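The structure under discussion appears below in the form of structure tokens.
Just so we're clear, the structure is a prediction, and the values are computed from it rather than from any experiment. In what follows, every chain begins at residue 1, and chains take the letters A, B, ... in the order their sequences are listed. When reading the values below, keep in mind they use all heavy atoms of this one structure, side chains included, and skip hydrogens, waters and symmetry mates.
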2 protein chains.
Amino acid sequence: MAKKKEIIDVCVKMADEEGFLNLSVKTIADRIGVKPPSLYKHFQGGLDEIKQEIMVYGWNCIDIMIAKSAVGKTREAGLKAMCYALREFAHAHPGVFEAICWHNSYTSELNHEVTKGVIASLYAVLDSLEFDEVRKMHVLRSLRGFVEGFSMLELHGSFGDEISLDESFEYGVNALISGIMKG
Amino acid sequence: MAKKKEIIDVCVKMADEEGFLNLSVKTIADRIGVKPPSLYKHFQGGLDEIKQEIMVYGWNCIDIMIAKSAVGKTREAGLKAMCYALREFAHAHPGVFEAICWHNSYTSELNHEVTKGVIASLYAVLDSLEFDEVRKMHVLRSLRGFVEGFSMLELHGSFGDEISLDESFEYGVNALISGIMKG
DNA sequence: CATTTTGGCTAACGTAATTAGCCAAAAAGC
DNA sequence: GCTTTTTGGCTAATTACGTTAGCCAAAATG
């Protein structure tokens, strides 16, 4: 095995398959085929550093997905596309998404750096709304709150599944965005 | 020191003051003035059981706050009051709120039991909307997603604070509920 | 070819959760 | 009122994990 990047890729897979909470130095070392202390050659910050790297990986990934999803779209269509992209990421990478929701608290410094990229993508679409700066921030926060909250809850199984989750999400996105456009 | 209930009260305080993540058998035992093994006389399930009890405490508390907040209100006013009540709980009990967001995954069985009370309160107001069952569920999920997501993000410091969080929340609630009522 | 860096290892340590097994005081039963 | 059981605490020991120290071989670099 070799460099950080490959190890993080393995960790990302593990987080998604077995849960972010089940990541430990031992399980990671086992999966890589190495003894626990060897990981410290790559990550002197230990487990915390690995978890941060997963979070950073996640934000970069989200940045790309959101930017792609909004290409050529403005206003309602742009906002909607970004909401769907973020939820799709949460489904594709539940473990990484968990890392992002959770590990925030520790690392708000680093976190603000990292999220700048994402916020930049978002602002391109937000600008097309021609709202003032404060209102754009309200919109951004509202959308993030809804999508991250909804995704967190559904991934944790808090919603049950008798009624379609996809339809609930669509309903919520439509309601929120229609409220944003009209207000 | 004596019974479960008093110990949980202390744990709730600790979670809110020092963070849910910092709860450990040792810190709890210290605070109570007892040695770690003694806690197992009250909670045979160990730390996990304690964390579950905190979650249950939280849901009961939320149940009461939501029910009180919605008294005598219907439709928009009722929904809005419940959203504000839930966010107020998150602010008043950040540690317990964290427990609720986090510990969901482990305990979806128990969790579904516990949330029935809350969902009952909510349904009283939802019923006043005169929507069909499926749509009521969409509304419920959307509101929960938004409020829990927004609160989680602000408590984790993910939003910054240059622009008023209260105003962003108000904006989001108004947008979402207005979208819900019109749809 | 010499040297440094890289990436691995074993051994040891500190701390946390938990279990086993003991014991005194309070509570309940006769 | 005394006996017995339950309650709630303890110390000691176990297990598991993150981490550090210090050693070593192969690969990369000069």
Side-chain angles (χ1 to χ4, degrees), chain A residues 1-58 95-96 98-100 102-107 109-110, chain B residues 1-57 95-96 98-100 102-107 110:
Chain A
M1 186 56 60
K3 277 274 163 293
K4 280 189 165 193
K5 208 190 152 309
E6 302 165 62
I7 296 177
I8 293 301
D9 286 346
V10 172
C11 292
V12 162
K13 262 194 151 179
M14 288 179 67
D16 289 335
E17 287 165 5
E18 298 153 43
F20 180 68
L21 301 151
N22 294 330
L23 283 183
S24 72
V25 174
K26 183 172 173 3
T27 54
I28 295 170
D30 280 356
R31 177 88 154 240
I32 291 180
V34 109
K35 300 289 178 179
S38 305
L39 287 178
Y40 289 80
K41 296 291 162 139
H42 306 284
F43 306 93
Q44 294 129 47
L47 193 54
D48 268 10
E49 186 181 342
I50 294 177
K51 288 179 174 175
Q52 282 198 8
E53 295 281 0
I54 293 174
M55 192 195 71
V56 171
Y57 168 96
V96 178
E98 190 114 339
I100 285 172
W102 258 153
H103 228 56
N104 271 345
S105 22
Y106 296 87
T107 57
E109 304 298 323
L110 173 62
Chain B
M1 185 59 57
K3 276 274 162 293
K4 280 190 165 195
K5 208 190 152 310
E6 303 166 60
I7 296 177
I8 293 301
D9 285 346
V10 171
C11 291
V12 163
K13 261 194 151 183
M14 288 180 68
D16 288 336
E17 287 166 5
E18 297 153 41
F20 180 69
L21 301 152
N22 294 330
L23 282 183
S24 72
V25 174
K26 184 174 169 3
T27 55
I28 296 169
D30 279 357
R31 178 86 152 241
I32 291 180
V34 111
K35 301 288 178 178
S38 304
L39 287 177
Y40 290 79
K41 294 291 160 132
H42 306 283
F43 306 93
Q44 294 128 47
L47 194 52
D48 268 11
E49 186 181 341
I50 294 177
K51 288 179 174 175
Q52 282 197 11
E53 295 281 2
I54 292 174
M55 192 195 73
V56 171
Y57 168 96
V96 177
E98 191 113 341
I100 285 171
W102 257 153
H103 227 55
N104 270 346
S105 19
Y106 296 86
T107 54
L110 173 61

Quiz item: Closest heavy-atom contact between A:Leu23 and A:Met14?
Solution: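 Closest approach of A:Leu23 to A:Met14, heavy atoms only: CD2-CB, 3.8 Å.
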
In whole Å, I'd like the distance from the [atom1] atom of [X] to the [atom2] atom of [N].
X	N	atom1	atom2	value
A:Glu49	D:dT20	CD	P	12 Å
A:Lys3	C:dT5	NZ	P	13 Å
A:Ile28	D:dG18	CD1	C1'	11 Å
B:Ile32	D:dG8	CD1	P	12 Å
B:Leu39	D:dT7	CG	P	17 Å
B:Gln44	C:dA17	CD	P	18 Å
A:Lys41	D:dC23	NZ	P	12 Å
A:His42	C:dC9	NE2	C1'	13 Å

Candidates [options] - which lies nearest the side chain of [X]:
X	options	answer
B:Tyr40	C:dA17, D:dT19, D:dC23	C:dA17
B:Pro37	D:dG8, D:dA12, C:dG7	D:dA12
B:Leu47	D:dG9, C:dT18, D:dG18	C:dT18
A:Lys26	C:dG8, D:dC17, D:dC10	D:dC17
B:Val34	D:dT7, C:dG7, D:dC10	D:dC10
B:Ser24	D:dG18, C:dA16, C:dC9	C:dA16

Side chains of [X] and [Y]: does their closest heavy-atom pair fall under 4.5 Å?
X	Y	value
A:Asp48	A:Phe43	no
B:Thr27	B:Asn22	no
B:Ile8	B:Val56	no
B:Glu6	B:His42	no

Quiz item: If you take atom types as modelled and just measure distance, does the side chain of B:Lys35 reach the base of D:dG9 with a donor-acceptor pair under 3.5 Å?
Solution: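 No pair found.
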
